[in-house]
Amino acid sequence: MTGRELDAAGVTEPDLRAAYTRCRELNARHGRTYFLATRLLTPDRRPAVHALYGFARWADDIVDSLDSAADPEDRARALDRLDDDLAHGLAGGAGAEPVVRALADTARRYAIDHRHFTDFLAAMRSDLTVTSYATYADLRGYMHGSAAVIGLEMLPVLGTVTLREEAAPHAAELGVAFQLTNFLRDVGEDLDRGRVYLPHDLLSAHGVHRELLRHCRDTGRVDRRVTAALREFEDLTRAAYRRAAPGVGMLAPVSRPCIRTAFILYGGILDAVAATGYAVLHRRAVVPRWRRTLVAADGLVRVAAARVAARRAPGGPGVPLGPTASGPRAHPPARPHPRHPKEVA
């Protein structure tokens, strides 16, 4: 975390500044695409986004890290400790973990609904015991907590030019689209963790079962049935992006370049998967560096234009967006989007 960002966000207490810096380090190390997009936000918003990502990454690593020898019981106890620490932090305590201290501070500054964090940890806990999903509706049920709530947490930070309730379903859906993209990209790695996120009914429709996926993973074999199933999952993912797309224009103008960039780059992962012939059981598809650079450069141009427009607007920067819009700390968060069979994320 740069001092300029923390100063812009009004974070002055040394321990808290260190906590936000830790979250930024996690974002930079583990979320290359997300971190690049975050750089396009105004400096005052970046620490909050790093806090949200850092906490999510910390919890996800407890559950998923392949580098740890921890068994499911150890991971469950670690989640329990994190859950207790979060409850203490959100109640006004300091929080033992830096990611909790930063998250609790962000939740207070932006009045983020605490239920989003509760739902997220519940989804992480389910990963300790649930290894597959029967239907796409079941998968979307899981993604309410694992992905949709991330989009809902982000809305107060990003700000909107519409009522937040109008933007919420699109923000939730974008979280779903991003996670579906990760599921497609990481089929092989998730299989190594004992999980298959592609729904059973989708796989069965193409004659695919877990044993076939394992065989392809172990032998490097390409099977047309697996390819067909992966292609259908890609179609479901692209449909989620289409449902999410209208929400970008509902965001505060200075926040749109960030989300637009993430939208394009994550969508580019789908293009990369298709370009490899859906070989995700054998290697991870990535967006080429030149492509990331071009998209980021376009985002920088849009950022500059948005900030110039904001300065020229009546009252200049920092003027409230009005009674039908929301910005940082503008009003309490909207109620969470109803738990639709995974239509939220």
Side-chain angles (χ1 to χ4, degrees), residues 27 31 33-35 37-38 40-42 45-46 48-53 55-57 103 106-107 109-120 123 139-183 236-267 299 302 306 321 324-345:
N27 194 353
T33 297
Y34 199 61
F35 181 75
T38 302
L40 300 177
L41 285 173
T42 55
R45 287 172 165 86
R46 293 175 202 164
V49 175
H50 292 316
L52 295 173
Y53 180 91
F55 177 81
R57 183 74 228 185
L103 182 76
T106 291
R109 290 171 184 268
Y110 290 92
I112 298 173
D113 195 318
H114 294 179
R115 286 175 296 178
H116 298 330
F117 308 124
T118 301
D119 289 348
F120 173 76
L139 179 64
R140 288 194 63 105
Y142 161 76
M143 287 192 294
H144 166 77
S146 64
V149 297
I150 304 298
L152 296 173
E153 292 166 10
M154 286 281 290
L155 266 188
V157 179
L158 299 174
T160 62
V161 294
T162 66
L163 288 173
R164 197 176 296 165
E165 291 87 341
E166 296 177 27
H170 302 292
E173 191 67 19
L174 187 57
V176 166
F178 287 168
Q179 185 163 63
L180 288 172
T181 301
N182 289 340
F183 287 160
L236 291 174
T237 304
R238 291 192 185 277
Y241 278 101
R242 290 192 293 272
R243 290 190 293 270
V248 177
M250 298 179 182
L251 298 174
V254 293
S255 296
R256 290 173 198 163
C258 165
I259 302 306
R260 180 180 181 276
T261 296
F263 190 103
I264 293 172
L265 290 177
Y266 268 91
R302 292 172 182 271
L321 294 172
T324 61
S326 66
R329 297 175 288 279
H331 57 67
R335 304 287 289 181
H337 192 56
R339 218 184 254 224
H340 190 285
K342 286 350 186 201
E343 183 97 8
V344 290

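All values reported here derive from a predicted model rather than from experimental measurement.
- Residues satisfying the ring pair (Phe, Tyr, Trp, His ring centres under 6.0 Å) test with Phe120, not counting sequence neighbours, are none.
- A 4.5 Å side-chain heavy-atom check between Phe183 and Phe178 finds every atom pair outside the cut-off.
- Nearest heavy-atom pair across Leu163 and Thr160 is C-OG1, 4.3 Å.
- Arg242 CZ to Glu173 CD: the interatomic distance, rounded to the nearest 0.5 Å, is 11.0 Å.
- Going from atom CG of Leu180 over to atom CG of Leu236 covers 7.5 Å, rounded to the nearest 0.5 Å.
- Of the inter-residue distances, the one linking His116 atom NE2 with Leu155 atom CG reads 8.5 Å to the nearest 0.5 angstrom.
- Considering CE of Met250 and CD of Glu166, their distance stands at 6.0 Å, rounded to 0.5 Å.
- No side-chain donor-acceptor contact under 3.5 Å links His50 to the backbone of Asn27.
- For the atom pair CG (Leu103) and OH (Tyr53), the distance works out to 14.5 Å, reported to the nearest 0.5 Å.
- Of all heavy-atom pairs spanning Val161 and Gly249, the tightest one is CG2-O, 3.8 Å.
- Annotation: side chain of Thr38 is not in contact with side chain of Arg45 (no heavy-atom distance under 4.5 Å).
- No donor-acceptor pair under 3.5 Å is formed between the side chain of Ser255 and the backbone N or O of Leu251.
- One distance of note links CZ of Arg256 with OG1 of Thr261; it measures 13.5 Å at 0.5 Å rounding.
- By the 4.5 Å heavy-atom criterion applied to side chains, Leu152 and Asp113 are not counted as neighbours.
- Gln179 pairs by the side chain to side chain donor-acceptor pair (under 3.5 Å) definition with Ser146, not counting sequence neighbours.
- For Arg46 (side chain) and Leu41 (main-chain N/O), a donor-acceptor pair under 3.5 Å exists by modelled atom type.
- Phe117 is linked by a ring pair (Phe, Tyr, Trp, His ring centres under 6.0 Å) to nothing, counting only residues two or more places apart in sequence or in another chain.
- Glu153 pairs with exactly one of Leu52, Val49, Thr106 by the side-chain contact (heavy atoms from CB on, under 4.5 Å) rule, that one being Leu52.
- For the pair Gly145 and Ala123, the tightest heavy-atom approach, listed with the atom from each and the gap, is C-CB, 3.7 Å.
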